[in-house]
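Step one of this worksheet: look at the structure below.
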Amino acid sequence: MPKPRRWLLSIKTADWPAGVGHLSFDEVTSTLDVAREQAAQHPTATWFTATRQTASRGRRGRPWVAPVGNFYGTLSLPCNDPEMASLRSFVAALAVDDALRTVMGDGPKLALKWPNDVLLNGGKVAGILLESLVVQGQMWGVAVGIGVNLIAAPDMTQVEDGAVYPVSVKGESGVDVTPDGFLKHLAPAFALWDRQLTTYGFAPIRTAWLARAARLGETITARLPNENVTGRFDTVDENGYLVLNTAKGPRNIAAADVFF
Ligand code: BTN
């Protein structure tokens with residue numbers, strides 16, 4: 001595998017990526033549903049965006065509050081390797097972070113929360129949900145669903161206990177950006193980070209993600225289905241698993257909700 005002289009730590013571009021499609025809709029149940037229905041007709045990476053989602057979903061079956069004006073998009077990517085597919089959550093987090101830095105400038109503080117949230121001034125500004133795309137019983141690809149609170153954030157009564165409080169771009173920075181305006185920065189950033197992943201593997205993505213990680217080196221709690229694991233957040237391993245240094249030794253955790 002070729003090695004670059006130096007891993008990239010951030011990417012800025014405004015050019016729409018070659019070969020990437022975009023279909024935009026007024027109202028859908030969820031752009032994840034549209035990707036599931038239509039992805040196989042689009043053999044290259046394709047963005048499905050919508051102004052309104054009537055049945056938005058978040059991680060672990062939670063609803064995702066979806067007022068008009070925020071960004072709702074799903075990128076369908078052909079991919080038949082489940083591990084590469086799951087690493088797209090890190091690619092997406094870096095791309096959202098880059099796009100947000102571009103629209104807001106350097107003032108507001110952005111950070112990435114494992115496994116796939118983007119934080120703005122400590123609050124959750126974006127969420128990412130990956131689903132597999134299966135065609136005729138075979139893995140066809142991955143749908144990368146991204147929601148970004150551009151103009152409005154749900155209030156605390158609409159999120160679960162202990163979750164990071166939601167914030168919006170407009171509320172934290174005063175910047176007004178439309179969903180289409182945001183996609184113009186997000187799509188190229190995603191394509192460039194994705195090229196890093198497919199060319200060099202997870203290493204450059206992992207390095208860039210860790211450089212932006214929230215609470216690295218601090219004590220955090222991972223909530224698993226049958227236990228809570230508390231420990232020092234040491235790193236993310238080469239599979240993208242969270243590594244906690246616990247009283248009983250290191251634990252590598254594939255999937256969990258993280259609480260600070
Ligand atoms: C999370 O729980 O943090 C993930 C939220 C993902 C929301 C996005 S909005 C676009 C896409 N369509 C959906 O129904 N969900 C994702």
Side-chain angles (χ1 to χ4, degrees), residues 22-39 45-77 85-86 88-97 99-100 110-120 122-133 141-169 177-180 182-183 185-187 190 209 214 222-223 225 240 242 255-260:
H22 177 207
L23 283 97
S24 80
F25 298 83
D26 181 18
E27 181 174 298
V28 297
T29 51
S30 157
T31 53
L32 285 161
D33 294 337
V34 183
R36 204 172 260 190
E37 289 153 16
Q38 299 197 14
T46 303
W47 284 95
F48 298 92
T49 59
T51 306
R52 282 180 202 78
Q53 293 191 130
T54 56
S56 304
R57 51 184 180 269
R59 292 179 64 231
R60 300 185 188 280
R62 294 180 198 117
W64 180 257
V65 179
V68 170
N70 286 348
F71 176 82
Y72 311 110
T74 292
L75 177 67
S76 75
L77 279 177
S86 70
R88 261 50 186 243
S89 68
F90 294 91
V91 170
L94 286 167
V96 170
D97 185 283
L100 288 170
L110 287 157
L112 304 181
K113 176 173 177 275
W114 188 92
N116 43 19
D117 292 339
V118 180
L119 306 183
L120 170 58
K124 176 164 167 169
V125 70
I128 296 157
L129 175 61
L130 263 54
E131 294 183 354
S132 329
L133 294 168
V142 59
V144 183
I146 299 175
V148 185
N149 298 333
L150 295 179
I151 59 150
D155 58 53
M156 277 308 276
T157 59
Q158 294 170 290
V159 299
E160 69 171 329
D161 284 350
V164 174
Y165 60 94
V167 296
S168 72
V169 169
V177 58
T178 63
D180 277 350
F182 186 71
L183 183 66
H185 298 293
L186 177 63
F190 192 103
W209 192 94
R223 187 181 290 168
L242 178 72
D257 280 327
V258 163
F259 293 86
F260 296 153

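Basis for what follows: all heavy atoms, side chains included, without hydrogens, waters or symmetry-related copies. This is a predicted model, so every value here is computed, not measured. Indexing begins at 1, ligand by ligand and atom by atom, following the structure's order.
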**OP:** Report the C-alpha distance between V28 and Q53 in whole Å, list the side-chain angles of each, state the deciding distance to 0.1 Å, and finish with yes or no for side chain to side chain contact (heavy atoms under 4.5 Å, CB included).
**Re:** CA-CA 5 Å; V28 297; Q53 293 191 130; 4.2 Å; yes
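Smallest separation of non-hydrogen atoms from F90 and P115: CE2-O, 4.4 Å. The nearest pair of heavy atoms linking P166 to P154 is CG-O, 3.3 Å. Nearest heavy-atom pair across K113 and W209 is C-CZ2, 4.0 Å. The shortest heavy-atom contact between I128 and S89 is CD1-O, 4.1 Å. Listed here is the closest heavy atom pair of L77 and A45: CD2-CB, 3.5 Å.
Atom 2 (O) of ligand 1 has R59 N, 2.7 Å as its closest protein atom, hydrogens excluded (heavy atom only). Ranking protein heavy atoms by distance to atom 5 (C) of ligand 1, first place goes to W64 CE3, 3.4 Å. From the protein, the heavy atom lying nearest to atom 15 (N) of ligand 1 is R57 O, 2.7 Å. Looking from atom 3 (O) of ligand 1 to the surrounding protein, the closest heavy atom is K124 NZ, 2.5 Å. Of the protein's non-hydrogen atoms, the one nearest atom 11 (C) of ligand 1 is T31 OG1, 3.5 Å. Looking at atom 12 (N) of ligand 1, its nearest protein heavy atom turns out to be Q53 OE1, 2.9 Å.
Applying the 4.0 Å criterion to heavy atoms of G58 picks out, from ligand 1, the atoms 1 (C), 2 (O), 4 (C), 5 (C). Distances below 4.0 Å separate heavy atoms of G73 from the following atoms of ligand 1: 10 (C). Near D117, meaning under 4.0 Å from any of its heavy atoms, are these atoms of ligand 1: 3 (O). Which parts of ligand 1 touch S30 is read off a 4.0 Å heavy-atom cut-off, strictly below it: atoms 12 (N), 13 (C), 14 (O).
Proximity of I146 to ligand 1, defined as any heavy-atom pair under 4.0 Å, is confined to the backbone N, CA, C and O atoms. Here D33 has no heavy atoms under 4.0 Å from ligand 1, in either its backbone or its side chain.
Proximity of a side-chain donor or acceptor of N149 to a complementary backbone N or O of A126 within less than 3.5 Å is not detected.
Residue R60 places every heavy atom at 4.0 Å or more from ligand 1. Note on ligand 1: R62 sits outside its first shell, no heavy atom being nearer than 4.0 Å.
Within the model, atoms CZ of F260 and CG of L119 stand 5.5 Å from one another, a figure rounded to the nearest 0.5 Å.
For the side-chain contact (heavy atoms from CB on, under 4.5 Å) criterion with L100, the lone passing option out of L186, V177, V148 is V148.
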